[in-house]
Amino acid sequence: MDKGNDKIVLLELGAKIRQARKSKGLTQEELALLIEAEPSRISELERGMRDIQFTTLIRIIWELDIEPNDLIPYSRK
């Protein structure tokens with residue numbers, strides 16, 4: 001995967017995290033507190049500005065009570 005595709009994946013993942021967070025009625029600050037992260041980190045993840053650590057991804061999945069497949073980007077360029 002090249003850098004351009006990496007960015008697309010991060011943008012899609014971030015959008016899916018944002019959608020799941022909002023559907024649970026959580027703010028970025030509330031989600032950050034639940035996963036023990038800085039609110040700015042949630043913002044960066046949702047905007048595709050930062051790659052995500054596996055452990056952070058797992059915490060987000062647990063706290064949002066979603067299936068891992070719900071966050072997998074489907075675009076493949």
Side-chain angles (χ1 to χ4, degrees):
M1 192 179 313
D2 64 32
K3 293 284 185 189
N5 285 338
D6 288 355
K7 184 65 177 172
I8 291 169
V9 168
L10 293 177
L11 287 168
E12 290 183 15
L13 175 61
K16 289 175 178 280
I17 291 171
R18 180 183 304 111
Q19 180 181 23
R21 173 184 59 77
K22 286 185 174 186
S23 75
K24 295 292 182 184
L26 295 173
T27 65
Q28 289 179 344
E29 293 79 13
E30 290 167 332
L31 179 57
L33 183 64
L34 289 170
I35 69 164
E36 300 177 4
E38 294 295 320
S40 61
R41 178 151 184 146
I42 302 301
S43 175
E44 291 172 345
L45 292 173
E46 289 184 358
R47 291 181 292 132
M49 303 296 293
R50 172 177 256 195
D51 205 343
I52 190 167
Q53 291 181 328
F54 184 72
T55 53
T56 301
L57 180 61
I58 295 301
R59 286 177 163 203
I60 288 171
I61 288 167
W62 288 343
E63 293 301 333
L64 295 178
D65 192 28
I66 56 177
E67 293 295 320
N69 283 344
D70 294 341
L71 295 182
I72 303 295
Y74 291 102
S75 291
R76 192 160 185 201
K77 311 269 185 227

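For this chain, numbers begin at 1 and follow the sequence in order.
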Which atom pairs, donor and acceptor, lie under 3.5 Å between side-chain atoms of residues 58-66 and protein residues at least two apart or in another chain?
residue, atom, partner, partner atom, Å
R59, NH1, I35, O, 2.7

First locate atom OG1 of T27, then atom CD1 of I42, and finally report the distance between them rounded to the nearest 0.5 Å.
->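 These two atoms lie 10.0 Å from each other.
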CG/L45 to CG/D51 distance, rounded to the nearest 0.5 angstrom?
->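 One finds 8.5 Å between CG of L45 and CG of D51.
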Minimum heavy-atom separation for G25 to E30, with atom names?
->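 Heavy atoms of G25 and E30 come nearest at O-OE1, 3.8 Å.
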Work out which heavy atom in R41 is nearest to a heavy atom in T56; give both atom names and the distance.
->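 Looking at all heavy atoms of both residues, the shortest contact is NH2-OG1, 3.9 Å.
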Given side chains that start at C-beta, do those of E12 and K7 come closer than 4.5 Å, heavy atoms only?
->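 Sidechains of K7 and E12: no contact.
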Quick one: list whatever passes side-chain contact (heavy atoms from CB on, under 4.5 Å) with S40, sequence neighbours left out.
->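 By the side-chain contact (heavy atoms from CB on, under 4.5 Å) rule, S40 matches E38.
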Identify, with sequence neighbours excluded, every residue that meets salt bridge (Lys or Arg N to Asp or Glu O under 4.0 Å) alongside E44.
->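 E44 satisfies salt bridge (Lys or Arg N to Asp or Glu O under 4.0 Å) with R50 only.
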Could you pull out every donor-acceptor pair under 3.5 Å between side chains of residues 16-23 and any protein atom, sequence neighbours left out?
residue, atom, partner, partner atom, Å
R18, NH2, E46, O, 2.8
R21, NE, E46, OE2, 2.6
R21, NH1, L26, O, 2.8
R21, NH2, E46, OE1, 3.0
R21, NH2, E46, OE2, 3.4
S23, OG, A20, O, 2.9

